[in-house]
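Notes to accompany the following structure.
Because the structure is predicted, anything quoted here is derived from the model rather than measured. Just so we're on the same page: letters track the sequence lines, and every chain starts at 1.
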Protein chains: 2
Amino acid sequence: MWQRHQHSQCIKEALSKAEQICIDHQCRLTPIRKKVLELIWKSHKPIKAYDLLAQLSSEDFIEKPPTVYRALEFLIDNNLIHRIESQNAYIGCNTDHETLDSKFLICDQCNEVEELSEPKINKTLSEISKKQGFIPSLVNVEIHGTCSQCAQH
Amino acid sequence: MWQRHQHSQCIKEALSKAEQICIDHQCRLTPIRKKVLELIWKSHKPIKAYDLLAQLSSEDFIEKPPTVYRALEFLIDNNLIHRIESQNAYIGCNTDHETLDSKFLICDQCNEVEELSEPKINKTLSEISKKQGFIPSLVNVEIHGTCSQCAQH
DNA sequence: TTAGTAATGTTATAGTATAACATTACGTAT
DNA sequence: ATACGTAATGTTATACTATAACATTACTAA
Ligand SMILES: [Zn+2]
Ligand SMILES: [Zn+2]
Ligand SMILES: [Zn+2]
Ligand SMILES: [Zn+2]
């Protein structure tokens with residue numbers, strides 16, 4: 001799914017994107033929010049709220065559930081991360097969003113997740129919604145299966 | 001989303017479909033499973049596991065979580081119901097499935113849910129998966145928004 | 001029968017998330 | 001600088017969702 005890559009670069013980019021978005025949205029990337037975002041970006045696999053909690057507590061951060069859930073909520077609201085509904089887990093956002101949508105390929109073998117940004121999906125879904133007189137505000141697509149890496153082995 | 005209709009008909013159809021599927025799949029629609037399916041079909045809104053539990057306990061059924069979760073698992077495995085991931089809730093299946101997919105329009109106003117069966121969605125998603133070398137096994141689509149009924153008011 | 005499997009009963013606990021209220025930090029107007 | 005309002009975090013408690021593990025019962029088919 002992902003070629004091996006300098007992953008620290010991903011984190012750096014995610015953080016600077018976050019800084020920019022916070023400027024645009026007039027909100028603050030506080031230490032907790034930043035730390036949670038970093039932890040989430042440590043891999044391309046979804047991470048669970050209580051795993052984040054555990055990692056936070058091993059550093060100098062408060063380790064109570066509301067802390068991490070608030071940070072997650074903030075990051076989700078600003079499209080910096082997404083929730084993988086089928087796993088109760090969270091992953092960094094890898095695309096730019098014009099609409100509220102999150103669309104993923106989820107490998108059930110290696111558990112890596114890739115975000116899809118094909119406008120064609122949104123277009124198809126939006127057309128079908130309209131045909132039913134339904135006005136969509138938020139789209140979530142989760143496709144489980146086997147990624148190309150895992151399929152080769 | 002739904003025209004007013006004789007809803008008892010929905011339940012009847014759901015039950016007879018379930019009977020048939022159990023014959024085909026060589027499994028049993030036991031009293032508990034049947035009761036849970038009926039309770040789910042009482043509306044076109046998703047229902048939560050613990051709400052089912054409460055309703056079961058008011059009748060002569062055992063009211064422990066494993067009971068209802070087992071019934072839900074059975075019904076899901078046989079494509080008789082689906083789980084709405086964004087709500088931790090369950091709803092009756094309204095379509096015939098060739099593949100493992102569940103696709104829904106979810107009205108955030110009235111909370112009614114309509115299952116989509118457009119093959120076009122599956123086709124689009126499957127094409128895009130393939131382009132990435134991804135082999136899909138299960139698709140979940142949840143579109144939140146406002147249904148046509150609610151949009152008129 | 002009887003053995004094997006499927007389904008359910010039962011107890012306990014794991015895992016996920018939020019309510020409610022107190023406190024602190026920050027931005028801004030005076 | 002001070003005071004004020006708001007945003008963010010701290011804290012405690014609890015609600016909500018789901019499964020593990022093992023015992024018992026029901027069904028099926030030699
Ligand atoms: Zn994204
Ligand atoms: Zn994989
Ligand atoms: Zn269905
Ligand atoms: Zn509606």
Distance alone, cut at 3.5 Å: any donor-acceptor contact between the side chains of [X] and [Y]?
X	Y	value
A/Asn94	A/Glu114	no
B/Asn122	B/Lys103	yes
B/Asn111	B/Gln87	yes

**Report entry** C/dT8 phosphate, OP1 or OP2, under 4.0 Å from B/Thr30 side-chain N/O
**Finding:** yes

Rounded to the Å, how far apart are [X] [atom1] and [N] [atom2]?
X	N	atom1	atom2	result
A/Leu75	D/dT9	CG	P	10 Å
A/Gln26	D/dA8	CD	C1'	17 Å
B/Phe74	C/dA6	CZ	C1'	11 Å
A/Leu53	C/dT18	CG	C1'	14 Å
A/Leu56	D/dT11	CG	C1'	16 Å
A/Leu52	C/dG15	CG	P	15 Å
B/Ile32	C/dA6	CD1	P	17 Å
A/Ile76	C/dA17	CD1	P	9 Å

Requested in this report: Report the residues that fulfil side-chain hydrogen bond (donor to acceptor under 3.5 Å, both in side chains) with B/Lys123, sequence neighbours left out, ordered by chain and then residue number.
Outcome: B/Glu127

Report task. With the side chain counted from C-beta on, respond yes when B/Val139 and B/Val141 share a heavy-atom pair under 4.5 Å apart, and no when they do not. Result -> yes

**Report entry** Contact letters for nucleotides 17-30 of chain D, in which S counts primed atoms plus P, OP1 and OP2 and B counts the base, heavy atoms under 4.0 Å
**Finding:** BBBBB-----S---

Query raised in the report: What heavy-atom pair brings B/Glu85 and A/Ser86 nearest, and what distance separates the two atoms?
Result: OE1-CA, 3.9 Å

